[in-house]
Number of protein chains: 2
Amino acid sequence: MKKEKTISESEWVVMEYLWENPLATITEIRKALSANGWSDSTIKTLVRRLVSKKAVAINDEEPVFRYKPLLSKNECRLKETKSFLNRVYNGSVSMLVTNLASESNLNEKETAELLSLIEKMGKD
Amino acid sequence: MKKEKTISESEWVVMEYLWENPLATITEIRKALSANGWSDSTIKTLVRRLVSKKAVAINDEEPVFRYKPLLSKNECRLKETKSFLNRVYNGSVSMLVTNLASESNLNEKETAELLSLIEKMGKD
DNA sequence: ACCCAAAGTTTACACTTGTAAACTCAAACG
DNA sequence: CGTTTGAGTTTACAAGTGTAAACTTTGGGT
C-alpha cells in the first residue's frame, strides 16, 4: 500500500493556480498568491511540499525553475469527492444531492425529478 | 473569530454511532466501534476530544455517564458539504454535480436535464 | 570584481490527528 | 475486605499542517 499523500487545503490553493498557469515560476506564484495573506516563505513551503508529494514537478531546463502540476484538477477533484462522499454521506450520491436540494429552493416536483435522474446514475 | 473546531475523520465515525444511539455509554460505544480496529484507549480519546470540541455532551445523572451528540447529523453534513464545495469546486454545486454525472453513465440528454434542474436551485 | 535581491534549502514551532499506554478511583466479585 | 475491572483522566508521541524565519547560493546591476 502506498502512502496516498493527500493535498491539504492550503496546498489546494497553490494547485488551483498551477492548473490555471502550468509552468509558472515562483515569482509568478508568489505574486498571485501573496494576496491570500501568505508570506513568501509560506508559499515556498507549500510548493516544496507539493513537489515532495509528487503533485507538482519541477522543470529546470532554463535558468529559472518552472513548476508544473503532475495531477490533473479532475483526478484530484474526483479523489476528494469520493473520500468526502464516503466520510459524510456513506458514499451515497443521492443522499448528498437530496441534501443540496433541500438546502436550496427546489419544490417537491423538481426535487423528485432530480432524484429520478440521479437514480439513473446507477449505483448511488 | 471563534475557533470553529472541526470534526476529524475518526471522530466522525464516533458521531455516526452517537447519532444512531444517543445517550450511549462508553461500554456500548466501545463494543460497537472496536470492530474498526481501534483500541479502548483510542475510542476513549476520540470521545473525549468530541466532548472538548462541544460536539458531544455528557449526561451524568445516573451512575454511568451517557454521551449525547450536541450537533445534528444534518448540520454537520451541511457544514462539511459547504466547506468541501468551496475548497474543491469553488462553491459551485453544478460543477460538483456535473462531475458526479460524468463519472456515472448519464447520457447527454439526462445530464442536460439534471443541470437545468440544478440551475433552478438558484445560486449554483 | 562586488553586492543585493530573489530562488532555493534548512530549520522551527505550535496545533491537530491517529493511535495508544499508564494511572486513579470506585464498584462488583469472591 | 482485598482484588480485579472498567470508567474516566493524564500523558505520549509521530505525522501532517499552517505559518514562517534564517541561511545559502547565484545571476544581474553598477
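Numbers restart at 1 for each chain; the letters A, B, ... are given by sequence-line order, proteins then strands.
Between B/F84 and A/F84, the ring planes are parallel. Angles under 30° get that label, and only those over 60° would be called perpendicular.
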Which side-chain N or O atoms in residues 21-32 of chain B pair as donor and acceptor under 3.5 Å with protein atoms at least two apart or in another chain?
unit_1: B/N21; atom_1: ND2; unit_2: B/Y17; atom_2: O; d: 2.9
unit_1: B/T25; atom_1: OG1; unit_2: B/E28; atom_2: N; d: 3.3
unit_1: B/E28; atom_1: OE1; unit_2: B/T25; atom_2: N; d: 2.8
unit_1: B/R30; atom_1: NH1; unit_2: B/D40; atom_2: OD1; d: 2.7

Solution key, residues 68-75 of chain B side-chain donor-acceptor pairs under 3.5 Å, sequence neighbours excluded:
unit_1: B/S72; atom_1: OG; unit_2: B/N74; atom_2: N; d: 3.4
unit_1: B/S72; atom_1: OG; unit_2: B/E75; atom_2: N; d: 3.0
unit_1: B/K73; atom_1: NZ; unit_2: B/E16; atom_2: OE1; d: 3.1
unit_1: B/E75; atom_1: OE2; unit_2: B/S72; atom_2: N; d: 2.8

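Listed pair B/W38 / C/dT19 meets the phosphate criterion, a side-chain N or O lying under 4.0 Å from OP1 or OP2. Within the structure, every side-chain polar atom (N or O) of A/K53 is placed at least 4.0 Å from both OP1 and OP2 of D/dG16. Close to D/dT17, at under 4.0 Å from its OP1 or OP2, lies no side-chain N or O of A/S8.
Rounded to an integer number of Å, the gap from CD of B/E9 to C1' of D/dA15 is 15 Å. Separating the CD1 atom of B/I7 from the C1' atom of C/dG18 is a distance of 16 Å, rounded to the nearest angstrom. Rounding to whole angstrom units, CG of residue A/L46 and P of D/dG16 are separated by 15 Å. Whole-Å rounding puts the A/K31 NZ to C/dA6 P distance at 9 Å. The distance between atom CD1 of A/I29 and atom P of C/dG8, rounded to the nearest whole Å, is 9 Å. Spacing between atom NZ of B/K5 and atom C1' of C/dT17 amounts to 12 Å, rounded to whole angstrom units. When the C1' atom of D/dT19 is taken as reference, atom CD1 of A/I43 falls 11 Å away, rounded to whole Å.
Atoms CG and CG, on A/L96 and A/L100 in that order, are 4.5 Å from each other to the nearest 0.5 Å.
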So A/Y67 and A/V14, side chain to side chain contact (heavy atoms under 4.5 Å, CB included) or not? Walk me through it. CA-CA 11 Å; A/Y67 299 88; A/V14 177; over 6 Å; no
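Listed by residue number, the members of residues 14-22 of chain B with any heavy atom below 4.0 angstrom from DNA chain D form an empty set.
In the set D/dG18, C/dT19, D/dA21, the nucleotide with an atom closest to the side chain of B/S10 is C/dT19.
Without hydrogens or angle criteria, A/T42 side chain to A/W38 main chain gives no donor-acceptor distance under 3.5 Å. Remark: the backbone N or O of A/E11 is not paired with any side-chain donor or acceptor of A/R49 at under 3.5 angstrom.
With sequence neighbours excluded, the residues forming a ring-ring contact (aromatic ring centres under 6.0 Å, His included) with A/W12 are A/W19, listed by chain and number. Every residue two or more places apart in sequence or in another chain was checked for a side-chain contact (heavy atoms from CB on, under 4.5 Å) with B/K54, and none qualifies.
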Across nucleotides 5-10 of chain D, 5' to 3', mark each nucleotide with B, S or - according to how protein heavy atoms within less than 4.0 Å reach it. --SBBB
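Using a 4.0 Å heavy-atom distance criterion, A/T42 is classed as a base contact.
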